Amino acid sequence: MSVAEQSRAGVAGPLIPVDIGHDRYTALTDPNTAFWALVDKKRVGESEAHGSLLASFHENAAAFAREMHALRFELTPSGVYLNPTERCNLNCTYCYLPGQQRSEGRHMPVDTLLVSLEKLRTYFRSVMPEGRKPRAIFHGAEPLMNKAAVFEAIRAFGDHFAFGIQTNGTLLDEEAMSFLTSRNVSIGLSLDGPMPSITDATRLTWGGKSVHDKVLTAMDKLRGYGSWSVITTCTTENLPHLTRMVELFHAREVPTCMLNTLRCTLPGARGVKPADADMAQSFFGALDRSHALFKETGRKLVVANFANILIAILAPTARRLMCDISPCGGGRAFFALAADGSLYPCSEFIGVPHFNGGNLFDAGGVEAALASEAFRTVTERDVDTFQPCSDCAIRHFCGSPCPAEAHEMNGGMQQIGAFCEFYKEQVNYALRLIADGKADDYLWDGWDAGTETTFQVQ
Amino acid sequence: MSNAIQTPANAQPAKKESSPIIAVRKSCNPDGIGLSHYVLMDRKAAK
């Protein structure tokens, strides 16, 4: 019976060997339940023969299967991406939003944004436990192009949402910084290079001016603040410099960064797409450097997108990001509100009209969008149901992101995302760290608070 | 001379024989706090 046939039949095991490139250990996985074990290569046959590992796994397989099903199919939304404007003051090579929108698009009027948040508050109250705040992330385009509306919304709804903002950092003046930090708004910046020439290769103003130094200034102002991060989008232009990127972030006391593969949803991004092997080599070099800096200084720089892969392996339900899971979080754990009131499964889809699930101000509101064909196209993308993912031993550590790329770049939802081989290597790297007892060095201190150990052989 | 700060996190642990099998799984309530790849927010912020 193939892995795909086992999936459809809901059968647990036999465990599938995965060569993770470690001197001593090989991995055995059950893809259906995201179960894994690292076994001394010399004793793989012996372990299987004795059956102790397999027997222990089978005792727990049904519980693991239930856990994965709940994670993959039973969540309700608890977050929203708010796009308060279509405009951006930058013209980045790889943006997922069409250029005409970003240069000539509309702002959402402040009154519309306030009414939107009222509607969203009502919706989240209907699906979230009492006492929990939904997350609302201002996102773009550049949300601070419509600063007055954003700040008014945070003033009015600060008690009802946990707010965050992803910004290019160029409009974060003293007043904006003070406003946001005094309200504990989570702030995400973007920087693509350790020096202006590298950042400038993909991130410039419409007039061609560098913004590198402005972002560094914003980073300096945020030093010591509790809730901020920086995203680097990895492209052919900055890949050779990722190690220096990590050094810059560590030196400036960035608590968390993300070294994201660029999303290839729109054609403009594909011109700077790194090859998977190049991405892996540079990414692992940057991770190795972050670890060396931790050992030298005792201070961590968590690379969050990798940390999430580690957590997906160690504690599937504790993951913090919902791209590397199938179905992804788009349209089920969160959704996006565009500046014209349209609802999309994720901001990544805003440039693709086919994925417009309706308008927040339509009669059905959020519920109608969640049930729309546009949303279901995304929420029903399941790696158990199409090849090669359905035969992949690590498919629930990866999730084959991103559906927007699969649809736009690779021809449909039944296709892989843009960086399949990189994800396989990333999982192998993570398993090697676990084998070497180093995983905690790459994770937030206390990352497993609130979890319980449900399986342990060590 | 190294300026490294010895903390519990980076102090060298006593060497011990590693197990022939390593398998760990932790679990918690999947409360749907996860977002996309864009913005990382502290898990505590949603509580």
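From a predicted model like this one, the values you see are computed outputs, not experimental measurements. Numbers restart at 1 for each chain; the letters A, B, ... are given by sequence-line order, proteins then strands.
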Not counting sequence neighbours, which residues clear side chain to side chain donor-acceptor pair (under 3.5 Å) with A/Thr454? List them please. none

Just to verify, what does A/Asn168 make a side chain to side chain donor-acceptor pair (under 3.5 Å) with, not counting sequence neighbours? A/Asn89, A/Glu142, A/Thr170

Checking A/Ala27 against chain B: side chain, backbone, both or neither under 4.5 Å from a heavy atom? neither

So, the part of A/Asn305 with a heavy atom under 4.5 Å from chain B: the answer is neither

So which of A/Ala435, A/Gly450, A/Pro316 has the biggest tally of heavy-atom pairs under 4.5 Å with chain B? A/Pro316

Chain B contacts, top residue of A/Leu314, A/Asp324, A/Asn308 (heavy-atom pairs, under 4.5 Å): A/Leu314

Short question: side chain of A/Thr317, backbone of B/Cys28 - any donor-acceptor pair under 3.5 Å? yes

Nearest 0.5 angstrom please: A/Leu28 CG to B/Ile21 CD1, how far? 8.5 Å

Check whether any side-chain heavy atom of B/Val24 sits under 4.5 Å from a side-chain heavy atom of A/Phe455, and report yes or no. no

Side chain, backbone, both or neither of A/Glu452 within contact of chain B (heavy atoms, under 4.5 Å): both

So for A/Phe64, is it side chain, backbone, both, or neither that comes closer than 4.5 Å to the heavy atoms of chain B? both

Please examine the side chains of B/Arg25 and A/Glu67, heavy atoms only from C-beta on, and report whether any two atoms are closer than 4.5 Å. yes

